[in-house]
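Here the structure is laid out as structure tokens; the discussion comes afterwards.
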Amino acid sequence: MQVHTVATAPFTDQKPGTSGLRKRVPVFQQAHYLENFVQSIFDTIAAPPNATLVLGGDSRYYNREAIQTILKMAAANGFGRVLVGRGGILSTPAASCLIRKYRTHGGIILYASHNPGGPEGDFGIKYNTANGGPAPEKITDAIFAQSRLIAQYRIAEAADVELDRTGEYRIGGMTVSVMDPVADYAGLMESLFDFAAIRELFKGGFRVRFDAMHAVTGPYAREILVNRLAAPADSMMNAVPLPDFGGGHPDPNLTYAHELVEVLYGKDAPDFGAASDGDGDRNMILGRHFFVTPSDSLAILAANAHLVPGYRQGLAGIARSMPTSAAADRVARALGIPCYETPTGWKFFGNLMDAGKVTLCGEESFGTGSDHIREKDGLWAVLFWLNILAVRKQSVETIVLEHWARFGRNVYTRHDYEDIPAEAADGVMKLLHDSFAELQGAQFGPLQVKLCDDFSYADPVDGSISTGQGVRILFTDGSRIIFRLSGTGTGGATLRIYLESFESDVAKHHLDAQYLLATLTGIALQISELHKRTGRDRPTVIT
Ligand code: VG1
Ligand code: CO
């Protein structure tokens, strides 16, 4: 095997965000751009000789080219084996599953989650460590630092590997195992959930519709829902992964998954609907004419976990990201288990799960998961819900309303202002910071501000501190307004406003969240001067 050492110069913008490095495809197509970042990963992790790596992605445009490059670089950097999903496909949860099951040194996931794909769309790359989870900040910071110094990278001269046939291939001394991307993951799901009960549910005429949004979950959902659980084939929609996701935006929310929403809110709607995102780690749960917020979903899964074989022995604890509603906290209290509040991003859950402190984790951004892997897991959440529905034999809506009647309802919404000028977004955040003193104790109609700050987190396991994780305005009655800038976008800035209040009155539980949160929304707009500063009079997306 001939190895070339290629001289290169640093790019200054290779700083990983909330979840890996994401840029437009043409940025990654620049000479040396991908190679620099991959070499920076290899230099930082310093894997021992002959280590094993997992490699795959969400099927988006440029994945295949990137995989060929990364394989040649892995061979030149002394890896002994790379496990690749057939066709270059691995959902993020499946990659996490493989890293753990085969005890590999780590994995490289090529994906940009819910961001659009195609030649002008987004591409991304993320490194996961041996526990199967996204590299923690100290590693992503080190990778970034290395990318600022890099002077050369190593790459083998070799033919491209046939990615579409399972089997073993060689690049010099390194083996490439092209694997079935679904089998191990599907087996893991089967070990956690009562597949027999779910099969019975479908047999009884319960109808489900799953929208893979032309992204990676198509083959996974087909194998699990149709082949193993015997749901009818027409339970699936948009199930063939496409490099540009069919021109869509593979983000499972009420705006971008409108095709599914129309089915579930239409005439003769199925009993249950779900969608997943580009890389398969998110989930949206719908009942007939009913939407379950991700924050409620986490709380409901926790409250019903005893009905599911994999969780029957009890939960060690729950963790949620700071902007996620406190619905799960109420369940944790009732169960007598701890509830942790972390910054946004799944990487913060890893330590808690590794230390055995939490079993379930969730984010308001349609992410739910457990310690079965170290990523959020879209299909896992779907199966968890189906398992609960199979046991309780009630509708999704009834289960949610009963949950609220018991615990109260944390009324919740998120308003996203996408692609606004970075200066306007920074201006809003600065204004808020500058207003902390003035806001403290301020009265807005019936609501009084108890505290405002910029959230920071001390990891209870390794003591690491993460600051600047979002502006919180907390009111004395438990209501909250959070402002945060997205760390996953590639164009302009995205400002997220998270709004939450608590409603104990059952008579109000059926009311629309936007209506119930109107006062809080007004306060948020007033104190942020958002409309004036961004020129926008309404959010791009409401979830
Ligand atoms: C968003 C979500 C966050 C999630 C992250 C990665 O980040 O808000 O909760 O962990 O995406 O999700 P941000 O910084 O844009 O708010 V995904 O499905 O990449 O893997
Ligand atoms: Co995702």
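What's counted below: heavy atoms across the whole structure, side chains too, no hydrogens, waters or symmetry copies. Counting starts at 1 for both ligands and their atoms, in listed order. Numbers for residues simply follow the sequence, beginning at 1. The model shown is predicted, which means the values in this text are computed figures rather than measured ones.
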Counting only heavy atoms closer than 4.0 Å, does ligand 1 sit against the backbone of [X], its side chain, both, or neither?
X	answer
Ser365	side chain
Lys347	neither
Thr494	neither

Review point. Tyr111 near ligand 1, heavy-atom distance under 4.0 Å?
Key: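 Contact check Tyr111 vs ligand 1: positive.
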
Check your understanding: Applying a strict 4.0 Å limit to heavy atoms, is Gly345 in contact with ligand 1?
Key ->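 It does, in that a heavy atom of Gly345 comes within the 4.0 Å cut-off of ligand 1.
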
In plain terms, say whether [X] and [Y] are close enough for a salt bridge, that is, a side-chain N and a carboxylate O under 4.0 Å apart.
X	Y	result
Arg209	Asp211	no
Glu364	Lys376	no
Arg374	Asp354	yes
Asp279	Arg60	no
Arg24	Glu120	no
Lys23	Asp122	no

Check your understanding: Distance-only, no hydrogens or angles: does the Thr534 side chain make a donor-acceptor pair with backbone N or O of Arg536 under 3.5 Å?
Key ->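 Between the backbone of Arg536 and the side chain of Thr534 there is a qualifying donor-acceptor contact (under 3.5 Å).
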
Check your understanding: Would you say the side-chain atoms of Ser528 pair up with the backbone N or O of Ala524, donor to acceptor, closer than 3.5 Å?
Key ->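 Yes; judged by distance alone, with no hydrogens or angles, the pair exists.
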
So is there a nitrogen or oxygen of [X] less than 3.5 Å from a nitrogen or oxygen in ligand 1?
X	answer
Asp277	yes
Leu485	no
Thr344	no

Practice item. Quick one: pull up OG1 in Thr359 and CG in Leu315 and give me the separation to the nearest 0.5 Å. Key: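 CG of Leu315 is found 5.0 Å from OG1 of Thr359.
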
Check your understanding: According to the interplanar angle, ranging from 0 to 90°, do the rings of Phe28 and Tyr33 count as parallel (below 30°), tilted (30 to 60°) or perpendicular (above 60°)?
Key ->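 Phe28 vs Tyr33 ring planes: perpendicular.
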
Counting from 1, what ligand 1 atoms have a heavy atom of [X] closer than 4.0 Å?
X	answer
Arg496	8 (O), 13 (P), 15 (O), 16 (O)
Arg484	13 (P), 14 (O), 16 (O)
Lys376	4 (C), 6 (C), 10 (O), 12 (O), 17 (V), 18 (O), 20 (O)
Gly487	13 (P), 14 (O), 15 (O)

Check: residues 417-432 side-chain donor-acceptor pairs under 3.5 Å, at least two apart:
| unit_1 | atom_1 | unit_2 | atom_2 | d |
| --- | --- | --- | --- | --- |
| Glu418 | OE1 | Tyr256 | OH | 3.2 |
| Lys430 | NZ | Asp434 | OD2 | 2.7 |

Specify the protein heavy atom at minimum distance from [atom]: its residue, its atom name, and the distance to 0.1 Å.
atom	value
atom 20 (O) of ligand 1	Asp281 OD2, 2.9 Å
atom 4 (C) of ligand 1	Glu363 OE1, 3.6 Å
atom 7 (O) of ligand 1	Thr488 CG2, 3.5 Å

Check your understanding: Among Arg22, Arg282, His114, which residue places a heavy atom closest to atom 5 (C) of ligand 1?
Key ->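 Considering heavy atoms of Arg22, Arg282, His114, the nearest to atom 5 (C) of ligand 1 sits in Arg282.
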
Review point. Heavy atoms only: which of Gly124, Gly362, Ser113 is nearest to atom 18 (O) of ligand 1?
Key: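 Result: the heavy atom closest to atom 18 (O) of ligand 1 is in Ser113.
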
Exercise for review: Please confirm whether Phe407 and His403 have ring centers closer than 6.0 angstrom.
Suggested key: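 Between Phe407 and His403, the centre distance is under 6.0 Å.
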
Exercise for review: Measure from the ring center of Phe123 to the ring center of Tyr61 and say whether it is less than 6.0 Å.
Suggested key: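 Judged by ring-centre distance (under 6.0 Å), Phe123 and Tyr61 do not meet the cut-off.
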
Review point. Around the Co ion (ligand 2), what protein N, O or S atoms are found below 2.8 Å?
Key: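 Listed by chain and number: Ser113 OG, Asp277 OD2, Asp279 OD1, Asp281 OD1.
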
Practice item. Taking the six-membered ring of Tyr412 (Phe, Tyr or Trp), confirm whether the NZ or CZ of Arg480 is under 6.0 Å from its centre and within 45° of its axis. Key: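 Not satisfied by the 6.0 Å and 45° rule.
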
